[in-house]
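Read through the structure below, which is laid out as C-alpha cells, and then see the notes.
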Amino acid sequence: MQSNFTKSTGAEAPWLAIHPVSQEDSTAVAALRSVVAPMKGKVEGTAGRGPFNDIMERVAVPEGVAFEPASVGGISGWWAKPVKARRGAGIIHVHGGWFNLGTAQAYRNFVGQIALTAAADAFIPNYRLAPEDPFPAAIRDLEACYRGFADNGFEKIALTGDSAGGNLALVLLSIVSARVTTGSIAPVGAVVFSPVTDLVLTGKSYDTRAEADPFFTRSQVAGLVRSYLGGTDPKSPLASPLYGDLSGLPPIRVHVGDDEVLLDDSRRYVERAVSAGVDAKLDIWMGMPHGFVANVGGFNAARQAIKASGAFLIERM
C-alpha cells in the first residue's frame, strides 16, 4: 500500500527509494505494536535510560566482531572491530536516545552490525547527555572525537547515527566539512537512520503519522528536546541540521520507516541536500517503525537497510 507521503512526493524522484513491507515483517511489526502500545509517549527524561539501554543490549550479536572500551580524542566509548577491516578506514557512530538516553556500551551490538557490513572499525563515543549537559556539550564531544580519529591515522572517516544521533552526526558532518583545510581529513560520507533534523518540530508527519508511530508523541518529543536545547534557538543549524547550509557536504544516505513521526525530518533534509547539490538519497521502508534497523534479528527490512548502508560505506571508504 502506498502512503499519502509517497503519493504526494512521487516515487519517480531520483533521490527516493520506497521499499514495500514483506508479509513476514508486517506480522512481526504487529506483534511489536501489541507489546509497546502501553508505553507509547511515556519514555521521558533520565527515568528512561535503563529501559532504553536494556532494549539496545538485546540487539543480535554480530559474528566476527570484537568489542573493547577505549577513548578517542579524550572521549570514552566502545570500539566495534570486525576481523576483516580495512586499514585506515573508520566509522564514528553517534548513538540515539533523544539527546537524553543511550550509552556506547548498550549500542555496541547494533554498531557492530554496521561495522561488519562496512568492513571497517567503528567507534561509539559516550557524548554527554541532557539534561545534565545540554546543548552544545554533545557536539563539542563529537568534535573532539573526530579530531582524535584524524590524529590517530584514519585516512577515511565516515559518520553514522540514529535518531538524535542522526541529528548530531549531520551537524558534525557540516562542521568538519566546512573546516577542511590542506592536510586535514574530510569525512567521506554519512549514513543516518531516522534522523531528528528539525527541533522546531514542524514536520507534518507529527500529525499524519501520530497514530501509526508506535513509540512517540509530539508532546513527549517536545519535552525531550527542551531538556537538550535549554534556551537555544531550535532553528540554529548546530541544533537542527535541516536549517543549515548543506552545500559542499559529502554523499549522504538516509533510511527511515514510513510509520514514524520523524518521516518528514528525513524527507525534508534529503530534499534540501539534493537542492544544494549533495549526493543524497532517501530510503523509506513501508510499515516500519522508528528504530527498525536495530532489529536485525527480527526484520528483513533491518537486514536489508544495514546491508545497503554497508555497501555504501565500503564504496566511500
Can you check whether Val192 reaches Tyr269 side chain to side chain, under 4.5 Å on heavy atoms?
-> no
Ion pair present between Arg253 and Glu315, side-chain N to carboxylate O less than 4.0 angstrom?
-> no
Determine, stepwise, if the pair Leu262 / Tyr206 fulfils side-chain contact (heavy atoms from CB on, under 4.5 Å).
-> CA-CA 7 Å; Leu262 288 169; Tyr206 277 105; 3.6 Å; yes
In this structure, are over 12 heavy atoms from other groups packed under 6.0 Å from Glu211 atom CD?
-> no
Minimum heavy-atom distance Ser205-Val261, with the two atoms named = OG-O, 2.7 Å
Donor-acceptor contact present, side-chain Arg209 to main-chain Asp259, <3.5 Å | no
Using the ring of each side chain (for Trp, its six-membered ring), is Phe52 parallel, tilted or perpendicular to Tyr107, with breaks at 30° and 60°?
-> tilted
If only atom types and distance count, is the side chain of Arg316 paired as donor or acceptor with the main-chain N or O of Val188 below 3.5 Å?
-> yes
Any side-chain heavy atom of Val270 sitting closer than 4.5 Å to one from Lys281?
-> no
When rounded to the nearest 0.5 angstrom, what distance separates CD1 in Ile185 from CG in Asp151?
-> 9.5 Å
Shared hydrophobic cluster for Val225 and Val200 (ILVMFWY, side-chain gaps under 4.5 Å) | yes
Taking Asp283 for its side chain and His255 for its backbone only, find out whether a donor-acceptor pair lies under 3.5 Å.
-> no
Val59-Ile55 co-clustered via ILVMFWY side chain contacts under 4.5 Å = no
Between CD1 on residue Ile124 and CD1 on residue Ile91, distance to nearest 0.5 Å | 10.5 Å
Do side-chain atoms of Ser227 reach the backbone of Ala130 as a donor and acceptor pair under 3.5 angstrom?
-> no
Donor-acceptor pair, Thr160 side chain versus Val191 backbone, under 3.5 Å?
-> no
Check the surroundings of atom CZ in Arg86: do more than 12 heavy atoms from other residues, nucleotides or ligands lie under 6.0 Å from it?
-> yes
Just do the side-chain contact (heavy atoms from CB on, under 4.5 Å) check on Ile175 and Tyr146 with the steps written out, would you?
-> CA-CA 11 Å; Ile175 291 173; Tyr146 190 92; over 6 Å; no
Anything under 30° is parallel, anything over 60° is perpendicular, the rest tilted; go ahead and classify Phe149 against Phe154.
-> parallel
Nearest-0.5 Å distance that lies between atom CE in Met288 and atom CG in Leu32 | 9.0 Å
Point-to-point distance, once rounded to the nearest 0.5 Å, from OG of Ser76 to OH of Tyr127 = 12.5 Å
Closest heavy-atom pair and its distance - Asn126, Ala104 = OD1-N, 2.9 Å
Would you call Val111 and Trp78 a side-chain contact if the rule is heavy atoms closer than 4.5 Å?
-> no
Sidechain-backbone polar pair: Ser240 side chain, Pro237 backbone, donor-acceptor under 3.5 Å = no
When rounded to the nearest 0.5 angstrom, what is the spacing between CE in Met317 and CD1 in Ile157?
-> 10.5 Å
Leu238 side chain near Ile139 side chain, heavy-atom distance below 4.5 Å = yes
Beyond-backbone contact of Cys145 with Phe123, side-chain heavy atoms, under 4.5 angstrom | yes
Is Asp265 reaching over with its side chain to a backbone N or O of Thr197, donor-acceptor style, under 3.5 angstrom?
-> yes
Only one of His95, His93, Glu68, Glu57 clears side-chain hydrogen bond (donor to acceptor under 3.5 Å, both in side chains) with Arg108; which?
-> Glu57
pair Trp98-Gln220: side-chain heavy atoms closer than 4.5 Å | no
Might you point out which heavy atoms bring Ala120 and Ala89 nearest each other, and give the distance in Å?
-> CB-O, 4.0 Å
Assess whether side-chain contact (heavy atoms from CB on, under 4.5 Å) is satisfied between Val171 and Leu142, documenting all intermediate values.
-> CA-CA 10 Å; Val171 169; Leu142 294 171; over 6 Å; no
Of all heavy-atom pairs linking Ser236 and Thr232, the shortest is CB-CG2, 4.4 Å
Of the non-hydrogen atoms in Leu229 and Pro234, which two are nearest, and what is the gap between them?
-> CD1-CB, 3.7 Å
Are Ile314 and Ile92 connected in the hydrophobic side-chain network, where two residues link if heavy atoms are under 4.5 Å apart?
-> no
Does Arg49 use its side chain to pair, donor to acceptor, with the backbone of Thr103 at less than 3.5 Å?
-> no
State, with a plain yes or no, whether a side-chain heavy atom of Pro241 is found less than 4.5 Å away from one of Ser174.
-> no
Verdict with supporting geometry, Leu199 and Asn167, side-chain contact (heavy atoms from CB on, under 4.5 Å) = CA-CA 9 Å; Leu199 298 189; Asn167 168 298; 4.1 Å; yes
Which atom names give the shortest non-hydrogen contact between Pro62 and Gly112, and what distance separates them?
-> CG-C, 3.7 Å
Spatial distance of atom CG (Leu116) from atom CG (Asn109) [nearest 0.5 Å] | 12.0 Å
With distance as the sole test, does Arg179 use its side chain to make a donor-acceptor pair with the main-chain N or O of Val176 at under 3.5 Å?
-> no
Do Phe292 and Asp25 come close enough that some side-chain heavy atom pair is under 4.5 Å?
-> no
What about Val61 and Phe110, same hydrophobic cluster or not, with Ile/Leu/Val/Met/Phe/Trp/Tyr joined at side-chain heavy-atom distances under 4.5 Å?
-> no
Exam field: side chain Arg128 to backbone Asp141, donor-acceptor pair closer than 3.5 Å | no
For the salt bridge (charged side-chain N to carboxylate O under 4.0 Å, His left out) test, which of Lys235, Arg268, Lys204 pairs with Asp198?
-> Arg268
